[in-house]
Structures are given as structure tokens and as C-alpha cells.
A.B. asks: 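Take a look at this one; I'll ask things after.
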There are 2 protein chains.
Amino acid sequence: MRKKTIEDYVELVYDLQKGKKRVHTNDIASALKINPASVTEIFQKLNEEGYVNYEKYSGATLTEKGKKVAKATKKRHDILTEFLLLLGVDKKTAEEDACEMEHILQPSTMDTVIKFVEIVKHCQITPYWLERLKRYVKTGKLSKCPPELVDACLKHATTSK
Amino acid sequence: MRKKTIEDYVELVYDLQKGKKRVHTNDIASALKINPASVTEIFQKLNEEGYVNYEKYSGATLTEKGKKVAKATKKRHDILTEFLLLLGVDKKTAEEDACEMEHILQPSTMDTVIKFVEIVKHCQITPYWLERLKRYVKTGKLSKCPPELVDACLKHATTSK
DNA sequence: ACCCATTTTTAGGCATACCTAAATATTACT
DNA sequence: AGTAATATTTAGGTATGCCTAAAAATGGGT
């Protein structure tokens with residue numbers, strides 16, 4: 001199975017598993033609007049590859065391996081969504097694009113994104129130029145950066161080398 | 001054909017077309033390290049769908065439609081690479097991840113990325129906190145943001161509302 | 001405990017994007 | 001121009017992730 005397929009399904013099983021013991025083919029099928037028969041096949045393969053414990057007619061639960069993948073994928077998803085939101089992407093689009101990005105970005109890129117989000121979130125304020133970016137994205141108008149601010153940044157940029 | 005497949009092949013034809021009249025199945029095959037026979041099939045389908053002019057034994061050229069797709073894809077690719085480089089992702093990884101992202105990001109997300117790159121590039125200096133991010137990515141150590149800078153930003157953030 | 005509705009699986013099919021082996025076209029050389 | 005080497009295509013095959021239709025298992029109501 002493709003990485004994307006494994007991660008997508010395992011993540012969904014993880015979400016649907018909350019509040020119930022086992023996830024049934026129908027749960028996945030209706031969530032994804034695909035045929036239950038297709039989910040049966042997927043479950044069989046996920047079972048073979050050790051991501052779920054699946055038994056005929058009684059649904060599936062995640063194995064430790066599956067849980068690990070699900071949590072990692074979900075974490076990437078959440079961080080990427082937050083990242084896109086910070087940049088000014090609207091919520092729906094951020095969710096959707098994060099859903100694709102979570103499968104393709106390499107670890108070192110994810111690490112960079114994580115640190116980006118971390119820095120911005122731990123700032124006492126939203127960085128000025130991020131606000132500028134959001135305004136630009138929303139209105140299409142780009143304001144000029146105040147010279148005093150450039151100077152202030154410049155001072156720190158050079159002193160830190 | 002899948003969007004990704006069309007874009008990837010058309011983009012490659014575009015690159016290989018430079019300096020020669022027609023792109024042959026072998027050119028693509030050796031670039032992608034796949035079997036020439038597979039490229040024949042792809043060319044036939046791209047031809048049917050109007051992205052290339054393909055004729056047996058004589059290779060393919062891009063149609064206007066194909067050129068348009070190739071240029072747009074390439075542009076997205078370049079901007080995404082630049083974006084990731086700005087964040088501190090290393091060159092090789094940036095190229096590779098851009099290559100995947102170029103097919104999945106929605107137009108509004110791409111627009112945001114474009115504006116991000118634009119703002120940072122048109123800054124007289126590299127924004128201070130972007131430098132901080134790069135240092136953090138590289139060294140794993142996160143320096144504290146100088147209070148004066150926070151104050152300066154804060155002033156502009158509030159006055160601009 | 002039995003029957004009927006619902007859920008789930010099985011079996012067989014399809015498109016995509018790849019493969020190998022064999023056939024055929026092109027080209028380059030003498 | 002004929003032939004050998006190379007390039008390209010055809011034919012047939014594979015795995016993936018979906019489908020439909022039909023068979024089989026499950027479970028709730030009386």
C-alpha cells in the first residue's frame with residue numbers, strides 16, 4: 001500500500017475509534033463516501049501489514065504500530081493546518097491542503113514548519129510582517145514597511161552575527 | 001490521467017524541449033529512469049488529451065495547452081522552492097518537496113505563498129524573525145526576541161488597525 | 001428460536017501507471 | 001543499397017484503489 005493510503009486510513013480509524021471499541025467497514029465507507037466493499041479490502045491489507053487488528057464481520061482496531069502512525073500523521077496534520085492559518089489561508093482550505101501535505105513533506109521540512117509555528121506562537125504579539133502578509137492576502141494591497149521598524153530589525157540582524 | 005501525472009510529464013517535456021525540436025520517449029525514460037515503453041503510453045494519452053503533438057517514432061512537442069500547463073506548474077514549483085528556502089529548508093529537500101506541493105496546493109494557498117515570498121523578497125533586509133527561524137532550524141537553539149523589537153512591532157501592529 | 005433487514009464479504013471488473021519481451025521502424029555505416 | 005545497431009512501439013502482465021452485484025453473516029424484534 002501507498003504511504004498516503006496507509007496514513008489516511010489509519011488516521012481515520014484513529015478518529016472514529018474514539019467512543020467505540022471497534023471501527024466497522026461501514027464507518028469508514030460512509031465517512032469517505034466510498035463502497036464498504038472497498039474498505040474490507042483496505043482493512044485486509046492494513047491487517048496484513050500490521051496496522052490494524054481486523055477480523056471478518058467485527059471491524060478493526062489499531063495496533064500499536066497503527067496508533068503510532070496515526071498519531072504522528074495527525075500531529076503533522078494539525079501543525080500544517082496551524083501553519084497555513086498563520087499565513088492567512090482560510091480554515092477550510094488550510095484543512096484540505098494540510099491533509100495532502102501531511103503525506104509528502106520530508107521530516108526536515110516538517111521540522112522547519114514546526115519551528116516556524118513555535119516561534120510565531122511564542123511571540124508575545126503576532127509579528128508585524130505576518131500581519132502585513134495577512135492583510136495583503138485578504139485585501140490585495142501591500143502596505144509599505146515602516147522605516148523605523150526596518151531600522152530596528154536591521155540593528156538586531158547585524159548585531160546577532 | 002491524474003493531474004499530477006499530466007503536470008509532471010508536461011513539465012519535463014517543457015524542460016527537455018529546450019535546445020531541440022522534439023522530445024523522444026527515450027529522453028523522458030532516461031530522465032525518470034523508467035521504461036521507454038511506459039513513456040510511449042503516456043505520450044499517447046497526453047496526445048489524446050491535447051497536451052502534446054505526438055507521432056509514432058518521432059517524439060512529441062507541447063501544444064499551446066501543454067505549454068500553458070507546463071509554465072504554470074513550473075512557476076508554482078519555483079515559487080514553492082523559494083518559499084521553502086526562505087524558511088530555511090535545505091536546497092535539495094526544498095526542490096523535492098516543492099515538486100510534490102506544486103500539484104496539491106489550492107490556488108488560494110498558492111496565492112498566499114506567492115505573497116509571502118514577495119513580501120520577504122521586497123524587504124530591504126531579511127526580516128529579523130525569519131533569521132531567528134533559520135538559526136533555530138540550523139542550530140536547534142531558539143534565541144529570545146529582543147524586547148525593544150517587540151515593542152517596536154507592537155506599536156505598528158496596534159496603530160495599523 | 002426464527003425470520004427479516006442490515007451489514008459485511010466475496011467475486012469479478014475497471015483505470016492508472018508502471019513493467020518485460022518481442023516485434024518493428026529508424027539510423028548510421030560501409 | 002544493404003545490414004547491423006539502436007530506438008520505439010506493441011502486446012501482455014502486475015499492483016493499487018476503487019467499483020457493482022450477489023452471497024453470506026449478523027442481530028433485533030416478536
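In what follows, every heavy atom counts, from backbone to side chain, and hydrogens, waters and symmetry copies are set aside. Labels below follow one simple rule: chain letters A, B, ... track the order of the sequence lines, proteins then strands, and each chain is numbered from 1.
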A.B. asks: A:F43 has an atom CZ; how far is it from atom P of D:dC18, in whole Å?
C.D. replies: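 The answer, rounded to whole Å, is 13 Å.
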
A.B. asks: Is a donor from one side chain sitting under 3.5 angstrom from an acceptor on the other, for A:E95 and A:H77?
C.D. replies: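 Indeed, the side chains of A:E95 and A:H77 share at least one donor-acceptor pair under 3.5 Å.
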
A.B. asks: Dump every N/O contact between nucleotides 21-26 of chain C and the protein below 3.5 Å, one line per pair.
C.D. replies:
residue	atom	partner	partner atom	Å
C:dA25	O4'	B:Y57	OH	3.4

A.B. asks: Should the heavy atoms of other residues, nucleotides or ligands under 6.0 Å from NZ of B:K65 be counted, would the total exceed 12?
C.D. replies: yes

A.B. asks: What are the two closest non-hydrogen atoms of B:L80 and B:A98, and how far apart are they?
C.D. replies: CB-CB, 3.8 Å

A.B. asks: Rounded to the nearest Å, what distance is computed from the CE atom of residue B:M1 to the C1' atom of nucleotide D:dT16?
C.D. replies: 17 Å

A.B. asks: Tell me which nucleotide among D:dT8, C:dT8, C:dC18 gets nearest to the side chain of A:N26.
C.D. replies: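 From the listed options, C:dT8 comes nearest.
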
A.B. asks: Looking at A:H24, I'd like to know whether one of its side-chain N or O atoms comes within less than 4.0 Å of OP1 or OP2 on C:dT8.
C.D. replies: yes

A.B. asks: Round to the nearest Å and state the distance from B:R2 atom CZ to D:dG17 atom P.
C.D. replies: 11 Å

A.B. asks: Which pair of non-hydrogen atoms, one from A:L62 and one from A:A70, has the smallest distance, and what is that distance?
C.D. replies: CD1-CB, 4.1 Å

A.B. asks: Could you state the atom-to-atom distance from NZ of B:K33 to C1' of C:dC18 in whole Å?
C.D. replies: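 That distance rounds to 17 Å.
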
A.B. asks: Would you please say whether a donor-acceptor pair under 3.5 Å links the side chains of B:D97 and A:T109?
C.D. replies: yes

A.B. asks: Do you know the tightest heavy-atom contact between B:N26 and B:P36?
C.D. replies: OD1-CG, 3.7 Å

A.B. asks: Using a cut-off of strictly less than 4.0 Å, decide whether A:T25 has a side-chain nitrogen or oxygen near OP1 or OP2 of C:dT9.
C.D. replies: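 The answer is yes; a side-chain N or O of A:T25 sits under 4.0 Å from OP1 or OP2.
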
A.B. asks: Quick check for you: among C:dA17, C:dT8, D:dG17, whose closest atom lies nearest to any side-chain atom of B:I42?
C.D. replies: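 So the side chain of B:I42 is nearest to C:dA17.
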
A.B. asks: Consider only side-chain N and O atoms of A:T93 and A:D90, and report whether a donor and an acceptor are under 3.5 Å apart.
C.D. replies: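 Yes, side-chain donor-acceptor contact under 3.5 Å.
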
A.B. asks: OP1 or OP2 of D:dG17 versus the side-chain N and O atoms of A:T5: is any pair under 4.0 Å?
C.D. replies: yes

A.B. asks: Within the structure, does a side-chain N or O atom of B:Y9 lie under 4.0 Å from either OP1 or OP2 of C:dC18?
C.D. replies: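 For C:dC18, OP1 or OP2 has a side-chain N or O of B:Y9 closer than 4.0 Å.
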
A.B. asks: So does B:Q44 get a side-chain nitrogen or oxygen closer than 4.0 Å to the phosphate oxygens (OP1/OP2) of D:dT10?
C.D. replies: yes

A.B. asks: Rounded to whole angstroms, how far apart are CD1 on B:I28 and P on C:dA17?
C.D. replies: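 To the nearest whole Å, that distance equals 14 Å.
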
A.B. asks: Without decimals, in angstroms, what is the distance between B:K20 NZ and D:dA7 P?
C.D. replies: 11 Å

A.B. asks: Send over the distance from B:K45 NZ to D:dT9 P, rounded to a whole Å.
C.D. replies: 14 Å

A.B. asks: If you assign B:E41 and B:D27 each to the DNA chain D nucleotide with the nearest heavy atom, which residue ends up on the more 5' nucleotide?
C.D. replies: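 That would be B:D27.
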
A.B. asks: Given D:dT8, C:dT9, C:dA17, which nucleotide is nearest the side-chain atoms of B:T40?
C.D. replies: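 So the nucleotide nearest the side chain must be D:dT8.
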
A.B. asks: Using whole Å, report how far CZ of B:R22 lies from C1' of D:dT8.
C.D. replies: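 Whole-Å distance recorded here is 14 Å.
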
